[in-house]
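Here is the naming used below: chain letters follow the sequence lines, and residue numbers restart at 1 for every chain.
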2 protein chains.
Amino acid sequence: MTVIRGARERARAEITAAIKDEARAQLAAEGAARLSLRAVARELGMASSALYRYFPSRDDLLTALIVDAYDAVGAAAEAALATAGTTAAPVDRWTTVCRAVRTWALAHPHEYALIYGSPVPGYTAPQTTVQPAARVALCLIAITRDAHAAGTLRTPSGPRPPASALTDAAALAGRLRIELPADVIAALIAAWAELFGLVGFELFGQFHQVVEAREEFFTHAVTRLALQIGLGE
Amino acid sequence: MTVIRGARERARAEITAAIKDEARAQLAAEGAARLSLRAVARELGMASSALYRYFPSRDDLLTALIVDAYDAVGAAAEAALATAGTTAAPVDRWTTVCRAVRTWALAHPHEYALIYGSPVPGYTAPQTTVQPAARVALCLIAITRDAHAAGTLRTPSGPRPPASALTDAAALAGRLRIELPADVIAALIAAWAELFGLVGFELFGQFHQVVEAREEFFTHAVTRLALQIGLGE
DNA sequence: CATATTGCAAGAGCACTGCTCTCGTTATTG
DNA sequence: CAATAACGAGAGCAGTGCTCTTGCAATATG
C-alpha cells in the first residue's frame with residue numbers, strides 16, 4: 001500500500017475518497033447517466049473545476065467507481081464463500097456465492113448495471129478493471145477446484161466442448177494456474193456467464209410478470225448450473 | 001395498419017421515420033449516452049425545437065428506439081426460425097435461433113445494450129415494449145412446443161423446480177396459452193435468461209482473454225441449454 | 001531562514017445539452 | 001371562406017463537461 005507522507009497527500013487521499021463517496025451516492029440514487037461532476041462538486045462545497053485535480057475527466061471518475069463496484073461484488077462473493085466454509089457441499093458453496101452476487105446486485109442495481117450492463121466509458125475497459133472483475137469468477141473456480149481436489153467432481157454433463165473451446169480453456173487454466181480439466185473450465189465459463197444472465201434479467205425487469213418467486217427460482221437455476229459443471233450429486 | 005389520409009399525416013409519418021433513422025444511426029455510432037436531440041435535428045436540417053412536435057422528450061425517442069430494437073432482434077430470431085424449417089431437429093432449430101440473436105447483437109451492439117444492458121429511461125419500461133420484447137422468447141417457446149407436440153421432448157435434466165417456480169410457470173403458461181409442462185416452462189425461462197448472459201458477456205468484453213473461439217463456444221453452450229430443457233438427444 | 005517551485009482552489013468562459021415559450025405560417029376542417 | 005389546429009423557427013433558460021487563468025498556500029531547495 002502507498003504510505004501517505006505529508007499533510008498534502010493525506011488531504012488528497014481524503015478528498016479523493018470523499019469525491020468517490022459522493023459520486024457513488026449519486027450513482028446509486030440516479031444512475032450512471034445522471035451522474036454529474038458539477039453536482040458532486042456542489043455537494044462537497046467546492047468549485048467544479050477543482051474536481052479535475054483529482055479526476056481528469058468524468059469517465060475517469062466512472063472508471064474508479066467501476067473498479068470499486070467490481071471490488072464490492074467480489075468482496076461480497078468472497079465473504080459468502082468464507083462463511084460457507086470449506087466443509088460444506090460444493091453445490092451449497094456454489095449457490096451461496098451465487099446468491100451473494102444476486103443479493104449485492106439487488107442492493108446496488110445501478111452499480112451492477114455499470115459493470116455488468118452496458119459498459120459506459122468507451123468500449124474497452126482499462127486494464128485496471130480486469131483484476132477486480134475476476135474476483136467473483138475466482139470464487140467459482142475455487143469451489144470447483146476444491147471439489148476436484150476432493151475427488152467429488154463428476155465430468156460435466158452434456159456433450160463435450162469443441163476442440164477450440166478446450167484449447168481456450170486450457171490456455172486460461174495455464175495462465176491462471178488452475179488445476180482443472182479443460183472441459184470443466186469450459187463448463188465453468190458458460191455457467192459464469194449464465195449466472196449473470198439470470199441476475200441481469202431479474203434486475204432489469206425481464207422477469208416482470210414471468211417469474212414472481214424470484215429467489216427460489218434463482219436458487220434452483222444456479223443449483224442446476226452447479227450440477228451441469230459436475231459439482232455435487 | 002393506420003391509413004394515412006392527408007399530406008400532413010403523410011409528412012408527419014415520414015419525418016417521424018427520418019428522425020428515428022437518424023437517431024438510430026447516432027445510437028449505432030456513439031451509443032445511447034451520446035445520442036443528442038440537437039444533433040439529430042441538425043443532421044435533418046431542422047430546428048431542435050421542431051423535433052419536440054414528434055417526440056415529447058429524449059426518453060420518448062429512446063423508447064421508440066427500444067421498441068424498434070426489440071422488434072429487430074425478434075424479427076431476426078423469427079427469420080432464423082423460418083429458415084430452419086419445422087422439419088429440422090429441435091436442437092438445431094434452437095441453436096439456429098440463438099445464433100441469430102448473437103449475430104444480431106454483434107452487428108448492433110449499442111442497440112443490444114439499450115434493450116438488454118442497462119435500461120436507460122427510467123426503471124420501468126413502458127407497456128408498449130413488452131410485446132416486442134417477447135418475440136425472441138416466443139421463438140424459443142415455439143420450438144419447445146413443437147418438440148413437445150412431436151413427442152420428442154424429454155423431461156428437463158436436473159432436480160425438479162420448487163413448487164413456487166412451478167406455480168409461476170403454470171400461470172405464465174395459462175396466460176400465454178402454452179401447452180407445455182410447468183417444469184419445462186421453468187427450464188425454458190432459465191435457459192432464456194442464460195442465453196442472454198452468454199451474449200451479453202461476449203458483447204461487453206467479459207470474454208476478453210477468456211474465450212477466443214467465441215462462435216464455437218457459444219454454439220456449444222446454447223446446445224447444452226437446449227439439452228437441459230429436454231430438447232434433442 | 002528566505003526563496004523558488006509546485007499543488008491547489010476558484011472563477012470566468014466555451015461549446016454543448018434537453019427543454020419551453022412565443023410567434024408567424026401553413027394545412028385541414030366546418 | 002373562415003376558424004382551428006398543427007407546424008417550423010428562433011430566442012432563451014438552466015444545466016452539463018471541460019479549459020484557462022489567477023491568486024494563494026504548502027512544500028522543497030539554496
Side-chain angles (χ1 to χ4, degrees), chain A residues 2-20 22-27 29-66 110 114 119-122 126, chain B residues 2-20 22-27 29-66 110 114 119-122 126:
Chain A
T2 50
V3 181
I4 298 174
R5 289 182 299 201
R8 194 160 232 171
E9 290 186 50
R10 176 169 231 98
R12 180 170 185 88
E14 276 180 17
I15 294 179
T16 304
I19 292 171
K20 282 209 294 187
E22 177 59 33
R24 188 169 14 252
Q26 287 198 16
L27 174 66
E30 297 272 17
R34 292 196 151 87
L35 170 64
S36 152
L37 281 186
R38 292 180 107 111
V40 170
R42 211 177 300 132
E43 208 68 25
L44 264 52
M46 62 199 301
S48 64
S49 56
L51 217 142
Y52 285 83
R53 300 271 176 193
Y54 300 90
F55 295 94
S57 80
R58 183 180 181 274
D59 277 3
D60 288 272
L61 177 54
L62 266 181
T63 302
L65 294 181
I66 288 176
H110 286 114
L114 191 62
V120 177
Chain B
T2 50
V3 180
I4 297 174
R5 289 185 294 204
R8 197 159 228 172
E9 288 186 51
R10 175 169 231 97
R12 181 170 184 88
E14 276 179 17
I15 294 178
T16 305
I19 292 171
K20 282 208 296 188
E22 177 58 34
R24 188 169 15 251
Q26 287 196 18
L27 174 66
E30 298 273 15
R34 295 203 208 282
L35 171 63
S36 152
L37 280 186
R38 293 181 107 112
V40 170
R42 211 177 301 132
E43 208 67 25
L44 264 53
M46 61 199 301
S48 64
S49 55
L51 215 142
Y52 286 82
R53 301 275 179 196
Y54 300 89
F55 295 95
S57 79
R58 183 181 182 275
D59 277 3
D60 288 272
L61 177 54
L62 266 181
T63 302
L65 294 181
I66 287 174
H110 286 116
L114 191 62
V120 177

**Student:** Find the distance A:Leu61:CG to D:dT16:P and express it as a whole number of Å.
**Tutor:** 14 Å
**Student:** Just to verify, what does B:Glu30 make a salt bridge (Lys or Arg N to Asp or Glu O under 4.0 Å) with, not counting sequence neighbours?
**Tutor:** B:Arg34
**Student:** Where is the tightest heavy-atom contact between B:Phe55 and B:Ile19, given as atom of each residue plus distance?
**Tutor:** CE1-CG2, 3.6 Å
**Student:** Starting at CD of A:Glu30 and ending at P of D:dG15, how long is that distance when rounded to a whole Å?
**Tutor:** 14 Å
**Student:** Using atom CZ of A:Arg12 as one end and atom P of C:dT6 as the other, report the distance to the nearest whole Å.
**Tutor:** 16 Å
**Student:** Rounded to the Å, how far apart are A:Leu62 CG and D:dT16 C1'?
**Tutor:** 14 Å
**Student:** Let me know the distance between CG of B:Leu51 and P of D:dA6, rounded to the nearest Å.
**Tutor:** 18 Å
**Student:** Indicate whether any N or O donor in one side chain lies under 3.5 Å from an N or O acceptor in the other, for B:Asp60 and B:Thr63.
**Tutor:** no
**Student:** Of all the heavy-atom pairs spanning B:Leu65 and B:Arg24, show the shortest one and how long it is.
**Tutor:** CD2-NH1, 4.0 Å
**Student:** Please give, in whole Å, the distance from D:dC7 C1' to B:Met46 CE?
**Tutor:** 9 Å
**Student:** Base, sugar-phosphate, or nothing for A:Ile15, non-hydrogen atoms under 4.0 angstrom?
**Tutor:** sugar-phosphate
**Student:** What does the inter-axis angle of the helix from C:dC1-D:dG30 to C:dG30-D:dC1 come out as, five pairs per end, nearest 10 degrees?
**Tutor:** 0°
**Student:** What nitrogen or oxygen pairs link the protein and nucleotides 17-24 of chain C at under 3.5 Å?
**Tutor:**
unit_1, atom_1, unit_2, atom_2, d
C:dT17, OP1, B:Ser36, OG, 2.9
C:dT17, OP2, B:Arg42, NH2, 2.6
C:dG18, OP1, B:Leu37, N, 2.6
C:dG18, OP2, B:Leu37, N, 3.2
C:dG18, OP2, B:Arg38, N, 3.1
C:dG18, N7, B:Arg38, NH1, 2.5
C:dG18, O6, B:Arg38, NH1, 2.7
C:dC19, OP2, B:Tyr52, OH, 3.4
C:dC19, OP2, B:Arg58, N, 2.7
C:dC19, N4, B:Arg38, NH1, 3.3

**Student:** Provide, to the nearest angstrom, the distance between the CZ atom belonging to B:Arg34 and the P atom belonging to D:dT16.
**Tutor:** 17 Å
**Student:** In whole angstroms, how far is the P atom of C:dT28 from the CZ atom of B:Arg10?
**Tutor:** 12 Å
**Student:** OP1 or OP2 of D:dG8 sitting under 4.0 Å from any side-chain N/O of B:Tyr54?
**Tutor:** yes
**Student:** Would you give me the side-chain donor-acceptor pairs under 3.5 Å for residues 38-48 of chain B, sequence neighbours excluded?
**Tutor:**
none

**Student:** If you compare all heavy atoms of B:Ser57 against all heavy atoms of B:Tyr52, which two are closest, and at what distance to 0.1 Å?
**Tutor:** CA-CE2, 4.3 Å
**Student:** Who are the side chain to side chain contact (heavy atoms under 4.5 Å, CB included) partners of B:Arg12, not counting sequence neighbours?
**Tutor:** B:Thr16, B:Tyr54
**Student:** Return the minimal non-hydrogen interatomic distance between B:Ala23 and B:Leu35, and the atom names on each side.
**Tutor:** O-CD1, 3.7 Å
**Student:** I need the minimum non-hydrogen distance between B:Ala64 and B:Lys20, along with the two atoms involved.
**Tutor:** CB-CD, 3.9 Å
